[in-house]
Every structure is written in structure tokens, then in C-alpha cells.
S.K.: 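Following this message is one structure expressed as C-alpha cells.
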Amino acid sequence: MPENQGYLKKIQKSVESIANYYGFSRIDTPILEQAEVFVKGTGSATDIVEKEMYTFRTKGGDLVALRPEFTAGIARSYIEHGMYNLPQPVKLWTVGPCFRHERPQAGRYRQLLQFDLEVLGDKNASIDGQIIQMSYDILKDLSFKNITIEVNNIGDQECRPYFKKILTSYFKSRKSQLCADCQRRLKENPLRILDCKEEKCQRVKAGAPQIIDHLCENCHAHFKQVLEFLDELELPYTLNPYLVRGFDYYTKTVFEIIEKSEAGIAQGSLVGGGRYDGLVKLLGGRDVPACGAAGGIDRMINIMRTREVKNSPASSKKQEKTQIFLAQLGQLAKRKSLKLFEEFRAAKIPVAESFSKDSLRTQLKSADKMGIRWVLIFGQKEALEEFITLRDMETGVQKGIPLNKVVEEMKAKVKN
Ligand SMILES: [Zn+2]
Ligand SMILES: [Zn+2]
């Protein structure tokens with residue numbers, strides 16, 4: 001409606017400006033896909049595919065579906081266009097309509113608008129941290145107050161099957177107390193019972209075993225790293241051991257950003273996402289780890305309207321040429337540089353990075369190729385001693401700068 005257009009524009013601008021800043025490219029996948037993409041990818045036993053997806057046969061006999069979400073279509077596109085030949089990770093964002101046949105409800109539309117962020121081709125926990133940070137930034141940028149991040153790790157192929165067994169036997173012994181849907185889920189996907197909104201199921205769920213106690217070493221380490229990133233970024237999060245999300249493809253990290261009322265009661269989630277390391281392979285591609293998030297724009301508009309958010313979103317004016325490259329080595333430096341990166345963003349100074357490449361040589365080469373003059377080197381020693389090494393690529397001269405002075409000093413350099 002006309003009165004919503006201003007809010008829609010603000011949201012789109014904010015998403016675009018943050019996505020651009022973090023080096024994401026825009027993609028637009030078709031609204032209509034082969035139904036198989038979602039049946040295989042999103043999961044045949046999920047509510048979204050089973051109950052809410054609009055599916056129909058074309059005159060030619062193809063079974064197609066209106067996309068109920070973005071991720072499966074983007075993964076399909078990644079495979080079809082051989083994007084594993086591009087430098088990894090591939091970072092993509094989009095915004096547009098998705099379609100779900102739901103019971104009519106205030107603020108819920110069968111054609112719903114979403115924004116979406118995806119990073120394909122990187123298994124590092126820093127990517128999970130970055131996706132969560134960006135989702136949070138978008139909401140902050142739009143002046144959402146009382147928001148909190150709920151996070152969980154739902155395991156992977158190695159540890160989830162065993163957890164499913166424990167969970168199944170727990171629910172089996174309480175089968176009569178579950179709703180009809182959950183009794184069926186017990187066979188197909190017991191994890192989804194944790195997601196059920198029925199009150200009777202919520203009661204049973206409260207005593208259920210928690211996956212966090214059954215994670216394999218790999219998932220456990222990954223989860224720990226993600227939480228360390230969130231700590232470093234000073235993001236407000238809580239662990240929700242029952243958060244599973246309504247898609248089958250998630251592995252390891254899942255998260256939601258929840259809006260709370262003044263009284264602290266959860267109003268519903270605004271952004272949700274997680275890691276999906278198995279999806280690309282499931283859809284017939286290579287073994288490509290990935291992580292992403294999607295946000296519900298309709299709900300955001302409704303909240304903004306009721307609150308009359310006046311603050312304008314981050315400027316979307318054309319970004320200046322990047323003159324700084326942030327090279328980092330080792331976990332500690334990576335973690336701390338994520339925060340530094342965020343400070344640069346707040347100061348509106350563009351910074352290039354390659355969060356996933358490990359050798360300093362590779363990183364310096366990238367900077368050189370991009371024609372960047374100033375390289376900030378953040379290694380193990382620097383991270384421990386809270387300083388950063390600045391290298392002038394033109395003269396080769398290096399010097400140390402205390403970590404808390406870096407943004408200020410670089411601001412002056414870039415201006416000159
Ligand atoms: Zn239920
Ligand atoms: Zn695991």
C-alpha cells in the first residue's frame with residue numbers, strides 16, 4: 001500500500017548498503033522453480049514444503065513451485081552457474097517476494113517480502129558471526145530497539161543421527177501427550193517437535209534432551225567459535241537449546257533475531273538463518289559449506305509503522321574507492337578484526353578484507369591486485385598486544401598503531 005512504500009524503501013536501502021559494505025553481490029533467482037529444488041533442498045517433511053508451498057503442474061507436465069524461501073533457489077543457481085569456479089566464498093544478497101499458503105493471520109501474507117543474505121564456500125565460524133552481525137546491523141540501522149539474538153547448534157551428519165535417536169525415544173514414551181502433527185513428526189523428523197507452537201507439545205518439550213550435550217567435537221568447536229565472535233562483537237545473544245528452525249537443510253549454527261516488547265516478552269522473529277553445509281551437495285553440486293539469513297520485511301514494516309521510526313537508515317550514497325585492506329592471521333586476530341571491521345563501517349570508511357584466506361602472502365597479493373595503498377596487518381602478536389601493523393604498499397614502510405587508534409588514524413590517511 002502507498003503508506004508502506006516509504007518504510008519498504010528504507011529497509012531495502014539499509015539491506016543494500018550493509019550488503020554492499022560487506023562485499024555481497026546482488027542476485028535475483030526466479031520466483032518459479034522446479035518443485036524438486038524445495039522438496040529436496042528445503043525438505044519434504046517441513047511444514048513449509050508439506051503444507052505451505054504453492055505447487056502446480058505446467059501444461060508441459062513439469063511440477064513447479066512458487067519459491068517459499070530463497071536459499072534453495074540460490075544454491076541451485078550456484079551449482080547451475082558453476083560459481084565454485086569463482087573466488088570463494090561467494091557472497092550474495094537479494095530481496096523479493098516468497099509465497100506460503102498459511103492460515104490468514106494479522107500481519108502474515110501469502111505473498112511475503114523477504115531480504116536474504118548467503119555466503120557459499122566457507123566453513124569458517126567467522127562467516128556465521130558475520131551473517132549474524134549483518135542481520136543485527138540491518139535491524140539496528142532501522143532503529144529496532146529491544147532485539148535479541150537466539151542461537152543454537154543443531155549438529156551435523158556426524159552427531160545429529162544419534163541425538164535424533166535419543167530424542168525419538170524421549171518423545172515416544174510421551175507420544176499421547178503430543179499433538180497430531182507431532183505424532184507424525186516423530187517418524188519423519190523428531191527435531192521439528194522442538195519447533196511446535198502447540199501448548200501441549202511445549203510442555204513435553206521442556207523436559208527433552210538438549211543437543212548441545214550431544215554435539216560431536218567438530219560441531220562443539222564450531223559453536224564455541226561462533227559464540228566467541230558474538231562475544232567479541234558485543235552482540236546481545238541468548239542460547240536457545242530448542243531453536244531448530246523450519247528447514248531441513250540446516251547444520252550446526254541456527255539463529256533468530258527476536259523482537260521483544262517493553263515488558264521483555266518475545267514478539268516473534270524478524271530475521272532467522274543458519275549454516276547449511278549439506279545443501280549444495282544435496283542438490284547435486286559439490287561439497288560446499290554455506291551460511292545465510294532471511295528477514296521478514298512485512299513484519300518489519302508493521303512494527304516500524306506502529307512506532308513511526310523517523311531515523312533515516314545508513315546513507316546509501318555511492319561508496320568511495322577502497323583504500324584500506326585488512327589482512328589477518330589466526331583465530332584471535334580474526335575474531336578481533338571482525339569488530340574492527342565493524343568500527344570502520346560505523347565510521348563509513350570502506351575496508352577490503354579476505355576473512356577466509358589464511359596466508360599473509362595471499363592476502364597481500366589480493367590487496368596489491370586491488371590497487372590498495374594501506375594494508376593493516378593483524379596477526380597473532382598484534383592481537384595479543386592490542387596493536388596493528390600498518391604497511392604502506394607504495395613505500396613498503398611499516399609501523400605499529402595501537403588498536404584503539406586505528407580507525408582515527410586511518411580516517412586521516414584516507415582523507416589525504
Ligand atoms: Zn506439536
Ligand atoms: Zn557434529
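Heads up: numbering here begins at 1 and tracks the sequence. Order of appearance sets the numbers: ligands from 1, and atoms from 1 within every ligand.
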S.K.: Which protein N, O or S atoms does the Zn ion (ligand 1) have within a distance shorter than 2.8 Å?
M.R.: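 N, O, S partners closer than 2.8 Å: Cys179 SG, Cys182 SG, Cys196 SG, Cys201 SG.
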S.K.: May I ask you to check whether His222 and Asp156 show a side-chain donor-acceptor distance below 3.5 Å?
M.R.: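 Side-chain D/A pair, His222 to Asp156: absent.
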S.K.: Which N, O or S atom name in Asp156 marks its closest approach to the Zn ion (ligand 2)?
M.R.: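 This turns out to be OD1.
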S.K.: Could I get the full list of ring-ring contact (aromatic ring centres under 6.0 Å, His included) partners for Tyr109, not counting sequence neighbours?
M.R.: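 Tyr109 satisfies ring-ring contact (aromatic ring centres under 6.0 Å, His included) with no other residue.
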S.K.: Tell me whether Cys159 has at least one N, O or S atom under 2.8 Å from the Zn ion (ligand 2).
M.R.: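 So Cys159 counts as coordinating the Zn ion (ligand 2), yes.
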S.K.: Please list, chain by chain and in numerical order, all residues satisfying side chain to side chain donor-acceptor pair (under 3.5 Å) with Thr148, sequence neighbours excluded.
M.R.: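 Scan of Thr148 (side chain to side chain donor-acceptor pair (under 3.5 Å), adjacent residues dropped) gives none.
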S.K.: Sequence neighbours excluded, which residues qualify as salt bridge (Lys or Arg N to Asp or Glu O under 4.0 Å) partners of Glu102?
M.R.: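 Counting only residues at least two positions away or on another chain, Glu102 forms a salt bridge (Lys or Arg N to Asp or Glu O under 4.0 Å) with Arg108.
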S.K.: Could you verify whether a donor N or O on one side chain and an acceptor N or O on the other, from Thr251 and Gln157, lie under 3.5 Å apart?
M.R.: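 Absent: no donor and acceptor within the cut-off.
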S.K.: Between the side chains of Glu353 and Tyr22, does any donor sit under 3.5 Å from an acceptor?
M.R.: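 Result is no, nothing qualifies.
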S.K.: Is the distance between the ring centroids of Phe229 and Tyr237 less than 6.0 Å?
M.R.: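 Here the rings of Tyr237 and Phe229 have centres that are no less than 6.0 Å from each other.
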S.K.: With rounding to 10 degrees, what does the angle Cys219:SG / the Zn ion (ligand 2) / Cys216:SG come to?
M.R.: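 The angle at the Zn ion (ligand 2) comes to 110°, rounded to the nearest 10°.
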